[in-house]
Number of protein chains: 2
Amino acid sequence: MTGMLKDKTRFVPPPKLPPPTPVVDLGDAEMRMAQDLLFFAYRDFTNVADQVLDELGLGRAHHRALHFIGRNPGITVSSLLAVLRITKQSLARVLNQLVDEGFVGQAPGFEDRRLRLLTLTDKGAALERRLFDAQRDRIAAAYTGAGPAGVQGFRTVMRGIMDRGARDYMDGTGSAEDT
Amino acid sequence: MTGMLKDKTRFVPPPKLPPPTPVVDLGDAEMRMAQDLLFFAYRDFTNVADQVLDELGLGRAHHRALHFIGRNPGITVSSLLAVLRITKQSLARVLNQLVDEGFVGQAPGFEDRRLRLLTLTDKGAALERRLFDAQRDRIAAAYTGAGPAGVQGFRTVMRGIMDRGARDYMDGTGSAEDT
DNA sequence: CGAAATGGGTCAGCATTGTTGACTTAAAAT
DNA sequence: ATTTTAAGTCAACAATGCTGACCCATTTCG
């Protein structure tokens, strides 16, 4: 980029700004908006929790683990991996830290002693609570503003966007590993 | 973690799985679900585009830049920074690459020649199109399944979740820099 | 029973994308 | 003429993904 404005001699005509990427269907505009919605809502939603996490030297990945362990006490490592869809190594980093710092507890499975059943300790539950509370307000406000029918629509669309595997997980139907 | 199942003598009772983090309000369950919805929908939505990007050796960050430049032809660097809310240095990496590879064009502002007005080249627009088309199907399907009222609810909730600054941007009202 | 499969773990190294901090340059503004 | 401002650059660091290559302890299966 060294000197984009350097050669003052050559006049570069300001581009005749094209229309925002020629809209083919009319529906396109709606879809583009959806991209924005997802980007901004996700970013700002996660940012809320990030602030709390920073204080503790933890990251988003830790939050995710806490969340899903909290929602699924006794979940195994491989199930957690299936839900998060990350690698064992990525999870290990985060999970070991959570265990070391006493946020997550573990116990071998009763029948199959290879399993490592994960739970939140009191400390972990408290943190998860705190993180949740921060995000909670946003959701609550947004839900209130949208009314019950709006919330229903929100859910339906979000479910429609995610993979079948994720949907199944949410239905409790899910081993989550299938697709 | 070296030997969590190592001392076979000591019996570690399987934790009596506590209920999924004691639900205080009834509303809590709904809010927790929203966390899941955002996580899964966002992840799976972005993944669709990631596959295309991988082929070209580009990442999500590139997609974001392409998207917002495409939506806002002639946007300045600082406006783009305000929308994305990342640092100049982070953006530079990605943006320089896009310019070098001919996806993004630039021209100095007419009145204020310090400005660097960004646009998509044809090549850039084509790529953005391709990325969009991939995501488009998901949205289309989800929207169809939810009906017009559902879509309206989705929008309202998503807007409610994001920061005011993002909302303003979406309304076109926005300098996006204010909060 | 012995071999294979499974759940889990570890070491090492790399890529992407975000961050700080410290400066430079060119063009506006005052 | 000085100060702002828009943009860019170098350097280093952190969080989280990923791959590849192995190791252990159990459980299962032929």
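Lettering of chains follows the sequences in order, A, B, ..., and the numbering in each one begins at 1. Just so you know, these numbers use all the heavy atoms, side chains as well, and skip hydrogens, waters and symmetry mates.
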Note to self: Hydrogens and angles aside, do A:H63 and A:D50 bring a side-chain donor and acceptor to less than 3.5 Å of each other?
What the structure shows: no
In whole angstroms, the gap separating P of C:dG18 from CG of A:N47 amounts to 12 Å
Notebook entry, point to check: Does any donor-acceptor pair link the side chain of A:R113 with the base of D:dT26 at a separation under 3.5 Å?
Noted result: no
A:Q106 CD to C:dG7 P, in whole Å, measures 17 Å
Taking C:dT20, C:dG7, C:dT10 as options, the one with an atom nearest any side-chain atom of A:K88 is C:dT10
Residues at least two apart in sequence or cross-chain that pass side chain to side chain contact (heavy atoms under 4.5 Å, CB included) with B:T144, listed by chain then number, are none
When B:R85, B:R167, B:R159 are each screened for salt bridge (Lys or Arg N to Asp or Glu O under 4.0 Å) with A:D44, the one that passes is B:R85
Sorted by number, residues from residues 48-67 of chain A placing a heavy atom under 4.0 Å from DNA chain D are A:G59, A:R60, A:A61, A:H62, A:R64
Residues at least two apart in sequence or cross-chain that pass ring-ring contact (aromatic ring centres under 6.0 Å, His included) with A:Y42, listed by chain then number, are B:Y42
To the nearest angstrom, the CG-C1' distance between B:L91 and C:dG18 comes to 12 Å
D:dA7 OP1/OP2 closer than 4.0 Å to side-chain N/O of B:S78:
yes
- [ ] Say whether A:Y169 and A:N72, considering side chains only, have a donor N or O and an acceptor N or O under 3.5 Å apart.
- [x] yes
Separation of D:dA6 atom P from B:I75 atom CD1, nearest Å, is 14 Å
One should read off an interatomic distance between B:I139 CD1 and A:Q35 CD, to the nearest 0.5 angstrom, of 7.5 Å
When rounded to whole Å, the CD to P distance for the pair A:E111 and D:dT27 reads 10 Å
CG (A:L131) and NE2 (A:H67) are apart, to the nearest 0.5 Å, by 11.0 Å
Between CG of B:L84 and C1' of C:dG18 the distance, given in whole Å, is 12 Å
Atom CG of B:L80 and atom P of D:dA6 are separated, to the nearest Å, by 15 Å
Counting only distance, no hydrogens or angles, is the base of D:dT27 paired donor-acceptor with the side chain of A:R114 under 3.5 Å?
no
Would you say the base of D:dG17 and the side-chain of A:R93 have a donor-acceptor pair closer than 3.5 Å?
yes
Of D:dA6, C:dT19, C:dG8, the nucleotide closest to the side chain of A:V77 is C:dG8
Closest to the side chain of B:I86, out of C:dG18, D:dG17, C:dG8, is C:dG18
Among the nucleotides C:dT20, D:dT16, C:dA26, whichever has the atom closest to the side chain of B:Q89 is C:dT20
In whole angstroms, the gap separating C1' of C:dT17 from CG of B:N96 amounts to 15 Å
Between A:V48 and A:R138, the two heavy atoms sitting closest are CG2-NE, 3.3 Å
When A:T87 and B:D112 are each assigned the nearest nucleotide of DNA chain D, the 5'-most assignment goes to B:D112
Sugar-phosphate, base or nothing in reach of B:Q97, heavy atoms under 4.0 Å:
nothing
